[in-house]
Protein chains: 2
Amino acid sequence: MQFSKSTDYALHALIHLAQSERRNNIGIKELCATLGVSESYLSKIMSKLRQDGIVRAVPGVNGGYELARPAGEITFLEVIQVIEGRQQLFECSNLDSQQHRLLAEDRAARQDQDCQGQSECLVKKVMDGAERQLHQYLREYTIQSVLDAASKECNHALNKK
Amino acid sequence: MQFSKSTDYALHALIHLAQSERRNNIGIKELCATLGVSESYLSKIMSKLRQDGIVRAVPGVNGGYELARPAGEITFLEVIQVIEGRQQLFECSNLDSQQHRLLAEDRAARQDQDCQGQSECLVKKVMDGAERQLHQYLREYTIQSVLDAASKECNHALNKK
DNA sequence: ATCATTATGGACCTATGATATCCATTATAA
DNA sequence: TTATAATGGATATCATAGGTCCATAATGAT
């Protein structure tokens with residue numbers, strides 16, 4: 001279980017766009033030179049980011065990409081979900097297996113109305129909790145926060161001089 | 001990015017073993033009937049769990065599997081790592097890209113001794129933090145805790161009657 | 001000792017998705 | 001009108017997940 005390279009590229013591309021905010025329309029050529037990745041591959045990724053409203057793109061002379069929103073409003077979670085998709089981290093296969101059927105029957109036999117309906121697998125419950133934790137964390141970091149961290153390091157160094 | 005089916009199978013198999021603790025040596029036939037998965041595939045998974053000391057296996061008549069340790073000492077994290085491997089959730093490709101080189105040069109130019117050595121990518125720093133969060137969460141849940149949750153539900157129902 | 005039983009590990013297969021390239025087309029500004 | 005730059009479709013390659021089959025080894029029962 002790993003994040004794809006595309007996610008890596010997407011995040012770094014967005015950081016570069018954020019760093020170059022005064023200039024608008026950064027071309028794919030500059031982006032792929034900066035990231036060290038092929039033009040054709042990176043444009044697929046940029047295309048996805050555009051379709052999800054994270055960047056704007058303009059073709060033609062002096063065209064290129066720019067952030068569609070302030071860098072502080074683009075979270076890591078959002079970027080990751082655009083690239084990786086929005087499937088759940090964990091899906092319980094064989095919900096009709098004997099193990100699950102027994103648990104469900106238990107619940108049914110007990111006629112516990114509170115438990116009806118939440119026939120979810122207990123393993124999945126734990127894993128869904130893990131996913132929630134992860135999402136909560138990734139929502140707290142934005143493209144801007146990375147830029148801030150970089151300049152904070154820089155200021156720290158300057159103060160020492 | 002998703003957990004594999006194998007992780008699903010492994011967790012459910014371990015829960016079944018834990019539920020059947022008094023009987024020892026649960027055969028692969030019983031396990032795969034319970035989980036609804038093929039014998040040949042599940043045995044690969046069980047073999048991994050054995051190699052990592054999570055279950056014990058004994059061949060021959062009346063042989064089978066049993067937990068190698070108390071269910072309360074087998075964490076979700078451990079099981080997941082055995083099955084999924086221990087690679088990092090995020091690896092930064094192109095550490096020699098222009099973007100990374102510039103950051104590194106900045107640090108070097110500043111001659112900030114505190115920052116030397118930690119030339120790590122700022123994106124990776126965030127993602128490593130996410131991984132730590134996830135691991136911390138998954139370490140808190142064990143095979144036993146799932147069993148406890150199930151019986152707690154059961155008691156809750158009995159008290160209402 | 002032999003035999004039936006059960007786990008093990010190697011070889012193999014297939015499907016899927018990640019990674020990647022190429023090109024024809026479309027949209028834009030100069 | 002033209003050069004430029006993004007877009008999307010088709011395609012290729014490779015690694016991994018998911019899965020099967022079989023020969024072998026180990027074990028308890030007879």
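We name chains A, B, ... by the order of the sequence lines, and we start the count at 1 in each one.
- With rounding to the nearest 0.5 angstrom, the NZ atom of A/Lys29 is 13.5 Å from the OG1 atom of A/Thr34.
- A pairwise comparison of heavy atoms in B/Asn24 and B/Glu66 identifies CB-OE1, 3.3 Å as the closest pair.
- Residues B/Cys121 and B/Cys92 come closest through the heavy atom pair SG-SG, 3.5 Å.
- Atom P of nucleotide D/dA17 and atom NZ of B/Lys48 are separated by 7 Å, given to the nearest angstrom.
- The separation between A/Lys29 atom NZ and D/dT7 atom P is 14 Å, rounded to whole Å.
- At a threshold of 4.5 Å between side-chain heavy atoms, the hydrophobic network of Ile, Leu, Val, Met, Phe, Trp and Tyr places A/Ile54 and A/Val58 in two separate groups.
- OP1 or OP2 of C/dG9 lies within a sub-4.0 Å distance of a side-chain N or O belonging to B/Gln51.
- Taking atom CD1 of residue B/Ile26 and atom C1' of nucleotide C/dT5, one finds them 16 Å apart after rounding to whole Å.
- Nearer to the 5' terminus of DNA chain C, by closest-nucleotide assignment, is the contact made by B/Val61 (compared with the other of B/Met46 and B/Val61).
- Residues in residues 123-148 of chain A take part in these ring-ring contact (aromatic ring centres under 6.0 Å, His included) pairs, two or more places apart or across chains: A/Tyr137-A/Tyr141.
- In the helix from C/dA1-D/dT30 to C/dA30-D/dT1, the end axes, each obtained as the rotation axis mapping the C1' atoms of four pairs onto the next four within a five-pair block, lie 20° apart to the nearest 10 degrees.
- Residues A/Tyr9 and A/Ser4 bring no donor and acceptor atom of their side chains to less than 3.5 Å of each other.
- Between A/Ser47 and A/Arg50, the side chains place no donor N or O within less than 3.5 Å of an acceptor N or O (distance only, hydrogens not considered).
- Contact annotation: A/Arg50 side-chain N/O to D/dT7 OP1/OP2 distance is under 4.0 Å.
- Considering only side-chain N and O atoms, B/Asn62 lies nowhere under 4.0 angstrom from the phosphate OP1 or OP2 of D/dT27.
- Across the protein-nucleic acid pair, B/Ile45 atom CD1 and D/dG18 atom C1' stand 9 Å apart, rounded to whole Å.
- For A/Ala57, the listed nucleotide lying nearest its side chain is D/dT7; candidates were C/dA7, C/dT5, D/dT7.
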Contact string for nucleotides 12-23 of chain C, one letter per nucleotide 5' to 3', B = base within protein heavy-atom range under 4.0 Å, S = sugar-phosphate only, - = neither, reads -------BBBB-
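- The separation between B/Asn24 atom CG and C/dT6 atom P is 14 Å, rounded to whole Å.
- Two residues are said to be in side-chain contact when any heavy atoms from C-beta on lie closer than 4.5 Å; B/Leu17 and B/Met46 meet this criterion.
- Residue A/Ala13 comes nearest to A/Leu31 through the heavy atom pair O-CD2, 3.9 Å, listed as atom of the first residue, atom of the second, then distance.
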